[in-house]
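Just below is one structure, and these are the notes that go with it.
We name chains A, B, ... by the order of the sequence lines, and we start the count at 1 in each one. Predicted, not measured: the structure shown is a model, and the values here were computed from it.
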4 protein chains.
Amino acid sequence: MPEPTRVRRTQAQRRRDAERTLLAAAAEAIAERGVSGASFAVIGERAGTSRALPTHHFGSKDALVARVASTAQDAVQSAMADAVRATSAFRHISGLDLIRTVADTYLELFEHPTAELRALLVMWGATFPSNASIEGMLEAERRAYEGWARNIRDGQADGSIRSDINPDPMAVVLHGMLRGVAAVVLTESEHTDVSSVRHAVQHWISGALEMTPPTGS
Amino acid sequence: MPEPTRVRRTQAQRRRDAERTLLAAAAEAIAERGVSGASFAVIGERAGTSRALPTHHFGSKDALVARVASTAQDAVQSAMADAVRATSAFRHISGLDLIRTVADTYLELFEHPTAELRALLVMWGATFPSNASIEGMLEAERRAYEGWARNIRDGQADGSIRSDINPDPMAVVLHGMLRGVAAVVLTESEHTDVSSVRHAVQHWISGALEMTPPTGS
Amino acid sequence: MPEPTRVRRTQAQRRRDAERTLLAAAAEAIAERGVSGASFAVIGERAGTSRALPTHHFGSKDALVARVASTAQDAVQSAMADAVRATSAFRHISGLDLIRTVADTYLELFEHPTAELRALLVMWGATFPSNASIEGMLEAERRAYEGWARNIRDGQADGSIRSDINPDPMAVVLHGMLRGVAAVVLTESEHTDVSSVRHAVQHWISGALEMTPPTGS
Amino acid sequence: MPEPTRVRRTQAQRRRDAERTLLAAAAEAIAERGVSGASFAVIGERAGTSRALPTHHFGSKDALVARVASTAQDAVQSAMADAVRATSAFRHISGLDLIRTVADTYLELFEHPTAELRALLVMWGATFPSNASIEGMLEAERRAYEGWARNIRDGQADGSIRSDINPDPMAVVLHGMLRGVAAVVLTESEHTDVSSVRHAVQHWISGALEMTPPTGS
DNA sequence: TATGAATGAGGTTTCATTCAT
DNA sequence: AATGAATGAAACCTCATTCAT
């Protein structure tokens, strides 16, 4: 008669499971109540564990928040990387198309936002105070719009993007637009239609960046 | 026997002065430490008064925060209204120009942001959690992008804005872009040049909305 | 019909009363359970107030403990100063007699030790760990045995104390003896008779310090 | 089929080794941070083992502390017994000389105090609160000064100690002095010279106890 | 009007201990 | 034998708010 193998889990498995559960609970709590409102009591209860477990696993609240942030950032990054890979698999895509694809993929995530994604935006909002600091958050933002600037330069090089625009401020606008639109969509989810907003964003990007076809002649 | 008139006014005026001082201190505290971090202790100390005075004047923290929000919103609104009035004083301006003027005026404020203005953006960020609520904040946001939608329709009516665009989602994008760009500029003030960002935003608006001149012949 | 004046107390009085009550409660708690065991919960309950009041009045536990220490030190100092004043009121006393009086007065306090006094000794014991630190404690100890050294030198100058002894180490021994004897008396109050211990200490002091009368001749 | 004998001893010996390591780590932690500050986390880390090992070996914190105490007491006792044995090996020593030897040996230990020794004194200090209790500590103290009383009586019997002194309170003073002096030396190690303090203590003991030689004649 | 004393709720974190592995 | 996951209790402290002055 075999022993019940169901119950047996290795320590490592238990740790991984617990951390996953806690991170999910933390993301939900942050999405719902903000970073400061996501207390260990709330997180622990939501995870179905004790209030002390988060500290046990992550050491401190700051560390837990940072982990939620990096986990969510990774998820977003990989979603966008997948989209790029899928789009560029069979044909070469221009710099402009890359930007459009990535931007659209980002906003697409907000059609059915996960708690993780919403938490990420909430954490972005929590970095606005001048004293505030969520570890890894500012750095990730900077990486993001530096990436946009790079993409713009690539598009200028391959002729898909107008050469008379300044990449750096344009990247800031592009990045800010995506974050801001996401925030509005999230807070006003009942009054906004995400897919038409996505369409409008594509329109903006084309209007602003697209190399105008040689008129006349 | 006449009472000393000097003292007479004091009663009402002192109240107004005290409230102004408190509101200013609260705005600074919020801009620096966020809504939840702006405790009465911090505010009271910064205002040079007791810790109990904010409660005394505003009743509760929520009420104080709401007052800071509405005060700041009024300031922003009147700055934009002034700009529109100045621009349209001598000549009629198109719907598109109105949008460009208002947008540019908004971003211009962030070249030298007051504590009030930064607090307003911080409070915007604090509305991202789904449970969060700052009284008057969401309503003001909605008014704002409904205003943009109206402006777009006006521009379409007077022929300055392309007629093939959908005003409502476009308003969301416009509004989100301004908020998001402002946030990025604020958090990355050392790495971004506001005036070139303003320029880029003007470029985006034109590219997206402007009625294209009849090409060819 | 006069109003009940009993209830009316000024803010300052209330504060003074509250602080006194809290200090007394803290001294009792420390005497009973040690510095680390004297939690705010215990102190608050013993003082008949809330658990948060100690923080409100003293800012932190360390500050409260330091206040208990300095208050107790003052009490002990003034008791000893009183004794010296009483003894030297009508006649000049020698350096040796001064030492004997002060030492005996110190031990006399332990015949009916107040909570404050016991707390002071407990706090002395809490300074033994190398990392431990109670603000003002070490300094007071140093002042104490430097005072003894000064007294010994005075006695040597006036001929009441043998000139062949080294004041500084002797002061350490004298000070250590008093503290150590007090500690033993306190912890073993049921098995020791304080007055005979006092007598023995007087004997030791005389034997060690007294200028021996010229023998022989 | 013989089992590998190399491994055989390991089982019991490893346990002893582990306990020794833990006791040493606990002594260091107590010496540094006091009894209450010596948490299992600190001890485990210092011992290079898990945080749960102390509980596993000793059952509870109280038991561990008691073991540290008794181990240290044994070490001190055997150091003093060695000294007595060495001194009395070749000649009979008087009661007074015995006392002087033991006292001096005790203080000599504080010239280069081990963590164990410092922990012992820290634990003595931790017994001052009236509710405090470290198992075995009070009993050992009592044994110690009862031993002194016995020694004094022996000295009186052999004529080396004055017969007009009361052994019991004198033993309390002697014991308290040694503990107190040790504590002062430990906490003020930078400002005190142990060897001159030892000298002073010898002076005190002689002055207080020594049978005065028949003056005159 | 304004202050500050007072409090209860709740925050993060530390800790000794238990239990499964 | 040893580990570390897990927990409940309790620590200090902060905070918004109430109340007497």
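- Across the protein-nucleic acid pair, B:Asp62 atom CG and F:dT17 atom C1' stand 12 Å apart, rounded to whole Å.
- Taking side-chain N and O atoms only, A:Arg14 has no distance below 4.0 Å to OP1 or OP2 of F:dA5.
- For D:Phe58 and F:dA1, the CZ to P distance is 13 Å, given to the nearest whole Å.
- Put simply, CG on C:Leu64 is 10 Å from P on F:dC13, counting in whole angstrom units.
- Taking the side chain of C:Gln11 as heavy atoms from C-beta on, and the options F:dA6, E:dA2, E:dA5, the nearest nucleotide is E:dA5.
- Here the CG atom belonging to D:Leu120 is positioned 11.5 Å from the CZ atom belonging to C:Phe128, to the nearest 0.5 angstrom.
- For the pair D:Leu23 and D:Leu64, the minimum side-chain heavy-atom distance is below 4.5 Å.
- Counting all heavy atoms, side chain and backbone alike, A:Val122 lies closest to A:Val35 at CG1-N, 4.3 Å.
- Of all heavy-atom pairs spanning A:Thr21 and A:Ala47, the tightest one is CG2-O, 3.7 Å.
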Show each protein N/O and nucleotides 9-11 of chain E N/O combination with a separation under 3.5 Å, one pair to a line.
residue: E:dG11; atom: OP1; partner: A:Ser39; partner atom: OG; Å: 3.4

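- We find that A:Asp17 and A:Arg14 are not joined by a salt bridge, their nearest charged nitrogen and carboxylate oxygen being 4.0 Å or further apart.
- Atom CD of residue B:Gln13 and atom CZ of residue B:Arg16 lie 6.5 Å apart, to the nearest 0.5 angstrom.
- Atom CD1 in B:Ile43 sits roughly 12 Å away from atom C1' in F:dC15 (whole-Å rounding).
- Sorted pairs that involve residues 60-74 of chain D and meet side-chain hydrogen bond (donor to acceptor under 3.5 Å, both in side chains), not counting sequence neighbours, are lacking altogether.
- When the nearest nucleotides of DNA chain E are assigned to A:Ser60 and B:Thr49 by heavy-atom distance, the more 5′-ward of the two goes with B:Thr49.
- Taking every side-chain heavy atom of A:Thr55 into account, E:dT14 is the closest of E:dT14, E:dT3, F:dT7.
- Between the NE2 atom of A:His57 and the P atom of E:dT13 there is a distance of 16 Å, rounded to whole Å.
- Sorted by first and then second residue, the side-chain hydrogen bond (donor to acceptor under 3.5 Å, both in side chains) pairs involving residues 127-136 of chain A (not counting sequence neighbours) are A:Ser130-B:Arg118.
- Of all heavy-atom pairs between C:Ala119 and C:Ala31, the closest is N-CB, 3.8 Å.
- Residues from residues 126-137 of chain A with heavy atoms under 4.0 angstrom of DNA chain F: there are none.
- Here E:dT1 presents its C1' atom at 5 Å from NE2 of B:His56, a figure rounded to the nearest Å.
- Here the CZ-NE2 distance, from B:Arg51 to B:His56, works out to 16.0 Å after rounding to the nearest 0.5 Å.
- If you take CG of C:Leu22 and P of E:dA5, they are 12 Å apart, rounded to a whole angstrom.
- Rounded to whole Å, atom C1' of F:dT17 lies 14 Å from atom CG of B:Leu53.
- Distance check, rounded to the nearest 0.5 Å: CD1 of B:Ile43 to CG of B:Leu53 gives 11.0 Å.
- When base pairs are accepted only as Watson-Crick or G-U wobble with both N-N or N-O distances under 3.5 Å, DNA chain E takes part in stems of 3 or more pairs at E:2-21 with F:2-21.
- Applying the side-chain hydrogen bond (donor to acceptor under 3.5 Å, both in side chains) rule to pairs touching residues 24-47 of chain C yields C:Glu28-C:Arg46, C:Glu32-C:Arg46, C:Ser36-D:Ser36, sequence neighbours excluded.
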